[in-house]
Amino acid sequence: MRIKNELKKGIDEVLRKLHLEIPDYSLEFAPEEIDGDFATNVALIAGSRTEKLSIEIAEGISRALQEVEPDTIERIEVAKPGFINIYIVRKRWHRELAMILKEGKNYGKTNIGKGMKILIEFVSANPTGPLHVGHGRGASIGDSLANILRETGYQVVKEYYVNDIGNQIDLLEKSINIRQKELRGEEVSLPEGAYRGSYVKEIAEELESKYGKKKSFDCREYAVQKILSLVRKDLEDFGVKFDRWFFESTLYRKNKVKEIIDSLKNKDLIYEKDGAQWFKSSQFGDEKDRVVIRENKKPTYFTSDITYHYDKFRRGSKKVINIWGADHHGYVDRIRASLAALGISPEDLKIILYQLVSLRRGGQQVSMSTREGEFVTLRQVMEEVGKDASRFFFLMRGADSRLDFDLELAKKQSPENPVYYVQYAHARICSIFREKRKKEYKKVSLTERTEEEEKESIEIIKRLSRYPEVVKNCAQRYEPHHLTGYLQDLAKCFHHYYDKYRVLSGDKSATQSRLKLVEAIQLVISNGLGLLGISAPQRM
RNA sequence: GGGCUCAUAGCUCAACGGAUAGAGCACAGGGUUGCGGACCCUGGUGUGAGGGUUCGAUUCCCUCUGAGCCCUCCA
């Protein structure tokens, strides 16, 4: 990272000297087939903008760069179309390793966010039943992303939006009431769409035993609080803690919804049709106008949502991130439209849509609807495959690819699950240090560092030095899954190294440098897993 | 019918417009007088189809095919 910044500066200086202006060139770690350290396409871009050949420009830049950075650059080669491959002096990599160790837990932190306020809202499942697997995906992505954004210098608030009013709550109440009647021995039948889960019966039983036929309690309030406490517990056990639980009902209590409607009316963006009030969202890129006040005078869910999103920005967030299941995608345009109408730049709202998780149990598709009785909860998955494995699993793939979660398979694969592979690397390193403390470890003789080992060590240091950039990349692209891939790769390098070279050996200086290397690996794995909300165990 | 998303190895998935497209699983073989064998090594197949943009495309644009989802005065 530091080396890269240094090189970047060097290249910029060279470009100035050569009177070239190339703002958007790339400087990358060289691909593995090339044995250089860094590669840049700056000459290729320059070539496409002038008459000169890229190769010639590359030669020129190389010569100048070598003069500017003699202490860092070992040599430079120009390759085929015009790539410049840069080789770094070895000493510089060793210094990098020392700096990684010095930074310790802070290694990976950057300040690209500069304290910018970000509000990230996720899960936000209706309080009408327990969380299911799909929510687990949203929870994993949201929570890790929040960690990553904090690590890169943003000021992040994690929020859960609770839809504690509306038709689905009415339906919940009805479902409970029906179960209560059933408990009193009445003949009942569940209407279409009623909640059928066993928790409905449980709540009905609790209400019956506590209050009986007394009408003094508020069934809705009780049920929502009850279910919410279960949701909270599930999330807590999943390692997810929200900074704020925002209740939809408060928008009405504080009259905020009315304010928004009035504000839109003042802008002449509301009209009446078929007895309802419509918002002219099509003026702001939505495919058609939307109802905000129904014929029965009640606001729609959308109306609450406009108010809620406006409120998020009004509270000072410069950027708002929503994590939604992909089935809500039709909703994106209208929310953006409403923000635009209220004078907020729609680009400041980032909506991450994750494709739904389809569940299988032994080849059989399992229904995911909360309204059907039978569905697999997040808790069940956690109990079957563990918190760490589930989170890693959810974070391994990009949000926009579908996720097939076969419970049988997840269970069966659990020992080979990649998370164990990464955690095992960490535990192994811890074990080395435990062994070292014993002082009586078996000293093995044939173990001086060879040229080959030196080369492989530097390859590992290069990977370690990429870590802050990986985190940064995840933050800028809002994609935590790059980190899981990075950690798997790093763990692989470690296991390979461990297998080949004995760390604790008879050779003191060899032992010293190997210990430094594995300590740095341990540090990066631990920091990285931390951002994913996954534990880095000392023992397994 | 319209819209959103996706299509990469036998399977599940990676790859800021970059060089010879990578991992894991599965399959087959092999490996430790040693700090944890939950490990390591060796095997091979490829971007759904067709155009375009350019030094260069899995990535961007268009057409087609196929899959999932959404098209409520539900949330």
Side-chain angles (χ1 to χ4, degrees), chain A residues 26 28 30-34 39-41 44-45 47-48 53-55 79-83 85 126 128 163 165-169 171 193 248 273-278 287-288 290-296 298-302 304-305 325-333 353 355-356 358 393 396-404 406 409 413-418 420-421 423-425 427-436 438 441-444 446-447 469 473 476-477 479 481-482 484-485 488-489 491-492 494-505 511 514-515 518 539-540:
Chain A
S26 77
E28 300 287 316
E32 243 164 288
E33 312 84 58
I34 314 299
T40 176
N41 65 351
L44 284 165
I45 295 190
S48 67
L53 253 76
S54 296
I55 287 269
K80 273 189 280 175
F83 287 106
N85 292 323
N126 285 339
T128 51
N163 304 116
I165 50 174
N167 287 346
Q168 83 286 357
I169 300 292
L171 193 58
E248 183 183 0
K273 195 181 92 183
D274 305 331
Q277 309 268 319
W278 297 69
E287 58 172 330
K288 59 179 182 183
R290 308 288 172 180
V291 171
V292 283
I293 303 288
R294 286 181 279 231
E295 205 177 351
N296 65 10
K298 283 187 179 172
T300 61
Y301 172 84
F302 175 50
S304 302
D305 233 14
D327 54 340
H328 288 73
H329 71 257
Y331 217 71
V332 173
D333 283 346
L353 297 171
Q355 293 293 320
L356 296 191
S358 51
F393 198 88
M396 254 170 29
R397 27 193 55 95
D400 50 14
S401 76
R402 275 192 298 277
L403 187 55
D404 254 346
D406 187 329
L409 199 69
Q413 280 186 342
S414 123
E416 289 110 40
N417 197 307
Y420 294 101
Y421 185 76
Q423 288 181 318
Y424 183 51
R428 254 184 160 175
I429 297 171
C430 292
S431 174
I432 295 173
F433 283 98
R434 277 196 299 272
E435 186 71 13
K436 183 197 159 222
K438 283 186 196 160
Y441 57 81
K442 200 168 169 189
K443 299 216 162 108
V444 182
L446 71 154
T447 46
E469 193 169 298
N473 193 30
Q476 283 170 334
R477 297 169 65 184
E479 290 173 347
H481 77 272
H482 300 287
T484 58
Q488 285 181 82
D489 181 58
K492 185 179 176 141
F494 165 72
H495 287 305
H496 172 88
Y497 181 84
Y498 177 93
D499 202 65
K500 201 163 169 185
Y501 306 105
R502 194 184 153 90
V503 175
L504 299 173
S505 75
T511 303
R514 287 174 194 146
L515 280 171
V518 298
R539 289 191 169 85
M540 294 172 70

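First the proteins, then the strands, lettered A, B, ... as listed; each starts at 1.
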| remark: Of rA75(B), rC73(B), rC16(B), the nucleotide closest to the side chain of Arg477(A) is rC16(B)
| task | Provide the distance between the two C1' atoms, one in rG44(B) and one in rG52(B), to the nearest whole Å. | result | 33 Å
| request: Could you please name the partner base of rA23(B), counting Watson-Crick and G-U wobble pairs only when both distances are under 3.5 Å? | output: rU12(B)
| query | Hey, are the side chains of Tyr301(A) and Asn167(A) touching, using non-hydrogen atoms and a 4.5 Å cut-off? | reply | no
| Closer than 4.0 Å, any side-chain N/O of His495(A) to the OP1 or OP2 of rG37(B)? | no
| Has Lys492(A) got a side-chain N or O lying under 4.0 Å from the OP1 or OP2 atom of rG24(B)? | yes
So which protein nitrogen or oxygen atoms get under 3.5 Å of nucleotides 17-20 of chain B's nitrogens or oxygens?
{"unit_1": "rG18(B)", "atom_1": "N7", "unit_2": "Asn41(A)", "atom_2": "ND2", "d": "3.3"}
{"unit_1": "rA19(B)", "atom_1": "N6", "unit_2": "Asn85(A)", "atom_2": "OD1", "d": "3.0"}
{"unit_1": "rA19(B)", "atom_1": "N1", "unit_2": "Asn85(A)", "atom_2": "OD1", "d": "3.1"}
{"unit_1": "rA19(B)", "atom_1": "N1", "unit_2": "Asn85(A)", "atom_2": "ND2", "d": "3.3"}
{"unit_1": "rU20(B)", "atom_1": "OP1", "unit_2": "Lys80(A)", "atom_2": "NZ", "d": "2.9"}

| query | In whole Å, what separates the C1' atom of rA15(B) from that of rU47(B)? | reply | 11 Å
| message | Under a 3.5 Å cut-off for both contacts, is rU42(B) paired Watson-Crick or G-U wobble with anything, and if yes, with which nucleotide? | response | rA28(B)
| query | What do you reckon, do Tyr498(A) and the base of rC35(B) stack, with centroid distance below 5.5 Å and planes below 30°? | reply | yes
| task | Starting from the C-alpha separation in whole Å, work towards a yes-or-no answer on side chain to side chain donor-acceptor pair (under 3.5 Å) for Ser304(A) and Glu248(A). | result | CA-CA 7 Å; Ser304(A) 302; Glu248(A) 183 183 0; 2.7 Å; yes
| request: Nearest whole angstrom, please: distance from the C1' of rC74(B) to the CD of Glu248(A). | output: 12 Å
| Between CD on residue Glu469(A) and CD on residue Glu28(A), distance to nearest 0.5 Å | 6.5 Å
| task | Determine the Euclidean distance between corresponding C1' atoms of rU45(B) and rU53(B); express it in Å to zero decimal places. | result | 31 Å
| task | Grab the CG-P distance between Asp489(A) and rA15(B) for me, whole Å please. | result | 14 Å
| said: Only pairs with both distances under 3.5 Å count, Watson-Crick or wobble alike; so what is the partner of rC69(B) in this structure? | reply: rG3(B)
| task | Write down the distance between CZ (Phe494(A)) and P (rC35(B)), rounded to a whole number of angstrom. | result | 13 Å
| field | Pairwise P distance, rC41(B) and rU32(B) [rounded to whole Å] | value | 15 Å
| query | OP1 or OP2 of rA15(B) sitting under 4.0 Å from any side-chain N/O of His482(A)? | reply | yes
| Within the pair Tyr420(A) and rG24(B), is there a side-chain N or O less than 4.0 Å away from OP1 or OP2? | no
| task | Can you tell me, in whole Å, how much space there is between the P of rU12(B) and that of rU8(B)? | result | 8 Å
| task | First locate atom CZ of Arg502(A), then atom CZ of Arg514(A), and finally report the distance between them rounded to the nearest 0.5 Å. | result | 10.0 Å
| Proximal nucleotide (of rA75(B), rC70(B), rC73(B)) relative to the Asp274(A) side chain | rC73(B)
| said: Regarding Lys298(A), tell me which of base, sugar-phosphate or nothing describes its non-hydrogen contacts under 4.0 Å with the strands shown. | reply: nothing
| said: Between Asp274(A) and Ala276(A) (side chain of the first, backbone of the second, donor and acceptor by atom type, cut-off under 3.5 Å), is there such a pair? | reply: no
| field | Nucleotide rG3(B), atom C1' - distance to NZ of Lys288(A) in whole Å | value | 11 Å
| Nearest to the side chain of His496(A) - rC39(B), rU5(B), rC41(B)? | rC41(B)
| Between Tyr301(A) (OH) and rC70(B) (P), how many Å, whole number? | 15 Å
| field | 5' precedence on RNA chain B between Tyr497(A) and Gly398(A) (nearest-nucleotide basis) | value | Gly398(A)
| request: Can you measure from CZ (Arg539(A)) to CZ (Arg434(A)) and round to the nearest 0.5 angstrom? | output: 3.5 Å
| request: Output yes when at least one side-chain N/O atom of Arg294(A) is less than 4.0 Å from OP1 or OP2 of rA75(B), else no. | output: yes
| query | Which residues pass the side-chain hydrogen bond (donor to acceptor under 3.5 Å, both in side chains) test with Ser48(A), sequence neighbours left out? | reply | none
| Within this structure, what is the CG-to-P distance between Asp499(A) and rU42(B), rounded to whole angstrom? | 11 Å
| said: With rounding to the closest Å, how many angstrom separate the P atoms on rG43(B) and rG24(B)? | reply: 13 Å
| Counterpart residues, side-chain hydrogen bond (donor to acceptor under 3.5 Å, both in side chains), relative to Tyr498(A) (two or more places apart) | none
| Is there a Watson-Crick or G-U wobble partner for rC64(B) with both distances under 3.5 Å, and if so, which one is it? | rG48(B)
| query | Of Tyr331(A) and Glu287(A), whose nearest nucleotide on RNA chain B comes first from the 5' end? | reply | Glu287(A)
| task | Specify the closest pair of heavy atoms between Gly47(A) and Ser54(A), including all atoms of both residues, with the distance to one decimal. | result | CA-OG, 3.5 Å
| said: Regarding Ser401(A), tell me which of base, sugar-phosphate or nothing describes its non-hydrogen contacts under 4.0 Å with the strands shown. | reply: sugar-phosphate
| Which part of the nucleic acid does His329(A) contact within heavy-atom distance under 4.0 Å: base, sugar-phosphate only, or nothing? | base
| request: Please report, rounded to the nearest Å, how far the C1' atom of rC13(B) is from the CG atom of Leu403(A). | output: 10 Å
| Distance-only, no hydrogens or angles: does the His495(A) side chain make a donor-acceptor pair with backbone N or O of Tyr424(A) under 3.5 Å? | no
| rG17(B) - base-pair partner by Watson-Crick or wobble geometry, distances under 3.5 Å | none
| request: Could you measure between the two P atoms, the one in rG3(B) and the one in rC61(B), and give it in whole Å? | output: 15 Å
| said: Please confirm whether the shortest side-chain N or O distance from Thr511(A) to OP1 or OP2 of rC35(B) is below 4.0 Å. | reply: no
| request: Would you indicate, yes or no, if rC6(B) has its OP1 or OP2 atom less than 4.0 angstrom from a side-chain nitrogen or oxygen of Arg402(A)? | output: no
| request: Give the rounded distance in Å between these two atoms: CG of Asp305(A) and P of rU72(B). | output: 18 Å
| Closest to side chain of Arg397(A), choosing from rA14(B), rC16(B), rC39(B) | rA14(B)
| task | Please work out if Gln355(A) contacts a base, only the sugar-phosphate, or nothing of the nucleic acid, heavy-atom cut-off 4.0 Å. | result | sugar-phosphate
| For the residue pair Tyr331(A) and His328(A), does the interplanar ring angle fall in the parallel (under 30°), tilted (30 to 60°) or perpendicular (over 60°) class? | perpendicular
| task | Give Tyr501(A) one of three labels, base, sugar-phosphate or nothing, depending on what nucleic acid heavy atoms sit under 4.0 Å from its own. | result | base
| request: Please state whether the base of rC73(B) and the side chain of Gln277(A) form at least one donor-acceptor pair under 3.5 Å? | output: no
| Using the P atom in both, what is the distance from rG51(B) to rU58(B), to the nearest Å? | 14 Å
| request: Classify the nucleic acid contact of Asn296(A) as base, sugar-phosphate or nothing, counting any heavy atom under 4.0 Å across all strands shown. | output: nothing
